[in-house]
Amino acid sequence: MHHHAAISFKPSSNGLFSLNPGIFQNPSFVIRPFRNKLRYSILNCRGIEIPVPKLRPRSNSVNNGSTSIAAAVKDVDIATLGNLCVDIVLNVPELPPKPLEQRKAYMEQLSKSPPDKRYWEAGGNCNVAIAAARLGLHCISVGHVGDEIYGRFLIDVLSAEGISIVGMNERSEALSLSSSDNETLLCWVLVDPSQRHGFCSRADFSADPAFSWMSKLSTEVKMAIRKSKILFCNGYDFDELSPSLLESALECAVESGTSIFFDPGPRGRSLIAGRPEEQRTIGKLLRMSEVLLLTSEEAASLTGINDPILAGQELLNNGVCTKWVIVKMGPKGSILITKSSITCAPAFKVNIIDTVGCGDSFVAAVAFGFIHDLPLSYTLTLANAVGAATATGCGAGRNVASLGKVRELLKESNLNEDEKFWDEVLSDNVNSRDVTVLSKMVVNGNSEVNRVSLLKVVSEVLPKLEFAPKMTGSFK
């Protein structure tokens, strides 16, 4: 994408970072607009002005016969924001050229006629929604799809998984657009004979987001956010939606008590070094999210701290609403850091076929643990299993983890335990925090580390998954 820059980031003493100055509505999902206006006060969180309600009733309240905004029933588990796209995976004799104009011509040539549907797959945040739905969570996807074959394809795929789409824009905004501006976003995933990957999207060839014409959240989107327990955002949202629109969604979530999950992904570094409005918005997302999810490399690039635990603690300390920072350590496992604890879970051993979608699947399982208030070690164990199950397949979308495969991995309980690695990771941190490590073998004795039995975790997590619906052929 754009705005890539090499830069070092140092924590600031008074802030998180030192920064430079056709809509489709699924008929089965209907959100009735609220009539009353919300009264709110302004919470100034280190320079961030976010409207928050003075009162958040725990149950429905009626005022002159209509339901108040603050009393919305949260009957949706997770809403994903933006990043709805169709991946088209093609084998090509060679990857596209690097010069931007040549790449654009290459993509336009590919786009002249739709390739066979067998090469299409739901991509982006569809991965999170599908993985979450397969765990039994009630999910909706908030985003833009066009009135063409690709948009209808996405709707069909998500509908088959029990997921509804809520249109991102007001209908009036789309009426004056050219058809290309209003089309569903495509991502061309190109694979050469050496199995190297190249990616092309029209969002790559403009300094502005693909849907920069969207100026405000629709009423339906606001209702969807208010009715959701979790709003998931990631760094790729900036490729589609303007920073101001993302801030509007952030404010709506905070107003209504919806928890924000944010995964900055590889875009995080370029956004921190990007335009002032990008810097401001990613700063707010990092501070106002309750759960942050990053790879160890991403955590280091955002904080300038190589130690994953210290980087996570830095993000926590600079957050306003942050409760969990989760650092993904690839095939080694994952770490969940809170203000008072460190929880580590080694990964499961699997035959890795494709890592595409693993991080998205991991997010879905973390949301499951968060919503069901599972112990932290249980949440990480499940997330590692769901991510690993996706890695055993090929591609994302409908190929993300099946519930059957997740159960199988949990029952096999084959951990990639590397005691030397975890000892090194924890060497400077065990004295200052409550430390828990998932282990297949638990030996009683005096230790600064609390070891949790994998067999115990699995025996208590598996029953939680028994109620996940068997809606599609993906469940075996």
Quiz item: Would you call the rings of W120 and F153 parallel, tilted or perpendicular, where under 30° means parallel and over 60° means perpendicular?
Solution: perpendicular
Quiz item: Can you find a heavy atom in the side chain of V157 that is under 4.5 Å from one in the side chain of I130?
Solution: yes
Quiz prompt | Approximate separation, where rounding is to 0.5 Å, of I165 CD1 and T80 OG1 | solution = 9.0 Å
Quiz item: After noting the C-alpha distance and the side-chain angles of L410 and L465, does the key distance pass the side chain to side chain contact (heavy atoms under 4.5 Å, CB included) rule?
Solution: CA-CA 11 Å; L410 287 170; L465 302 177; 3.9 Å; yes
Quiz item: Which atoms form the tightest heavy-atom contact between A210 and L185, and what is the distance?
Solution: CB-CD1, 4.0 Å
Could you pull out all donor-acceptor pairs under 3.5 Å where a side-chain atom in residues 228-236 meets a protein atom, sequence neighbours excluded?
| residue | atom | partner | partner atom | Å |
| --- | --- | --- | --- | --- |
| S228 | OG | A224 | O | 2.7 |
| K229 | NZ | D77 | OD1 | 3.1 |
| N234 | OD1 | Y236 | N | 3.1 |
| N234 | OD1 | D237 | N | 3.3 |
| N234 | ND2 | N83 | OD1 | 3.3 |
| N234 | ND2 | N125 | OD1 | 3.1 |

Quiz prompt | Heavy-atom side-chain contact between F421 and V425 under 4.5 Å | solution = yes
Practice problem: Kindly indicate whether the side chain of F211, heavy atoms from C-beta on, has any atom under 4.5 Å from the side chain of M168. | Solution: no
Self-check item: Nearest heavy atoms of P266 and E298, plus distance in Å
Solution: N-OE2, 3.3 Å
For residues 379-390, run the donor-acceptor check on the side chains, cut-off 3.5 Å, and write out each pair with its distance to 0.1 Å, sequence neighbours left out.
| residue | atom | partner | partner atom | Å |
| --- | --- | --- | --- | --- |
| T379 | OG1 | P375 | O | 3.4 |
| T381 | OG1 | S377 | O | 2.7 |
| N384 | OD1 | S334 | OG | 2.9 |
| N384 | ND2 | A345 | O | 3.0 |
| N384 | ND2 | P346 | O | 3.2 |
| T390 | OG1 | S361 | OG | 2.7 |
| T390 | OG1 | V386 | O | 3.4 |
| T390 | OG1 | A401 | N | 2.9 |

Self-check item: Residue among K74, R226, K227 satisfying side chain to side chain donor-acceptor pair (under 3.5 Å) with T258
Solution: K74
Self-check item: Pair listing, ring pair (Phe, Tyr, Trp, His ring centres under 6.0 Å) test, anchored in residues 74-100, at least two apart
Solution: none
Practice problem: Say whether Q313 and N317, considering side chains only, have a donor N or O and an acceptor N or O under 3.5 Å apart. | Solution: no
Quiz item: At their closest point, which heavy atom of L426 faces which heavy atom of C344, and how far apart are they?
Solution: CD2-SG, 3.8 Å
Quiz prompt | Residues forming a ring pair (Phe, Tyr, Trp, His ring centres under 6.0 Å) with F348, sequence neighbours excluded | solution = none
Quiz item: What residues form a salt bridge (charged side-chain N to carboxylate O under 4.0 Å, His left out) with K323, not counting sequence neighbours?
Solution: E290
Quiz item: Given V142, which of L84, L81, L217 fulfils the side-chain contact (heavy atoms from CB on, under 4.5 Å) condition?
Solution: L81
Quiz item: Could E277 and R280 be called an ion pair, given the rule that one side-chain N must be under 4.0 Å from one carboxylate O?
Solution: no
Practice problem: Any salt bridge (charged side-chain N to carboxylate O under 4.0 Å, His left out) involving residues 346-370? Give me the pairs, sequence neighbours left out, ordered by first then second residue. | Solution: none
Quiz item: Does T322 have any side-chain contact (heavy atoms from CB on, under 4.5 Å) partners at least two apart in sequence or in another chain, and if so, which?
Solution: L292, L316, V325
Self-check item: OG1 on T303 to CG on L315, rounded to 0.5 Å
Solution: 6.0 Å
Self-check item: Qualifying ring pair (Phe, Tyr, Trp, His ring centres under 6.0 Å) pairs, either residue in residues 258-297, two or more places apart
Solution: F261-F370
Quiz item: Distance only, no hydrogens: is a donor on one side chain within 3.5 Å (strictly under) of an acceptor on the other, for S413 and K440?
Solution: no
Quiz item: How about D263 and K328: do any of their side-chain heavy atoms sit closer than 4.5 Å?
Solution: yes
Self-check item: Qualifying residues under ring pair (Phe, Tyr, Trp, His ring centres under 6.0 Å), relative to W422, sequence neighbours excluded
Solution: none
Quiz item: What residue pairs, at least two apart or across chains, pass salt bridge (charged side-chain N to carboxylate O under 4.0 Å, His left out) with a residue in residues 185-197?
Solution: D192-R196
Quiz prompt | Side-chain (S427) to main-chain (E424) donor-acceptor, under 3.5 angstrom | solution = yes
Distance-only donor-acceptor hits, side chain of residues 454-463, under 3.5 Å, sequence neighbours excluded:
| residue | atom | partner | partner atom | Å |
| --- | --- | --- | --- | --- |
| K456 | NZ | Y378 | OH | 3.1 |
| K456 | NZ | E460 | OE2 | 3.0 |
| S459 | OG | L455 | O | 3.3 |
| S459 | OG | K456 | O | 2.7 |
| E460 | OE1 | Y378 | OH | 3.0 |

Quiz item: Going by the ring pair (Phe, Tyr, Trp, His ring centres under 6.0 Å) test, which pairs reach into residues 386-420, not counting sequence neighbours?
Solution: none
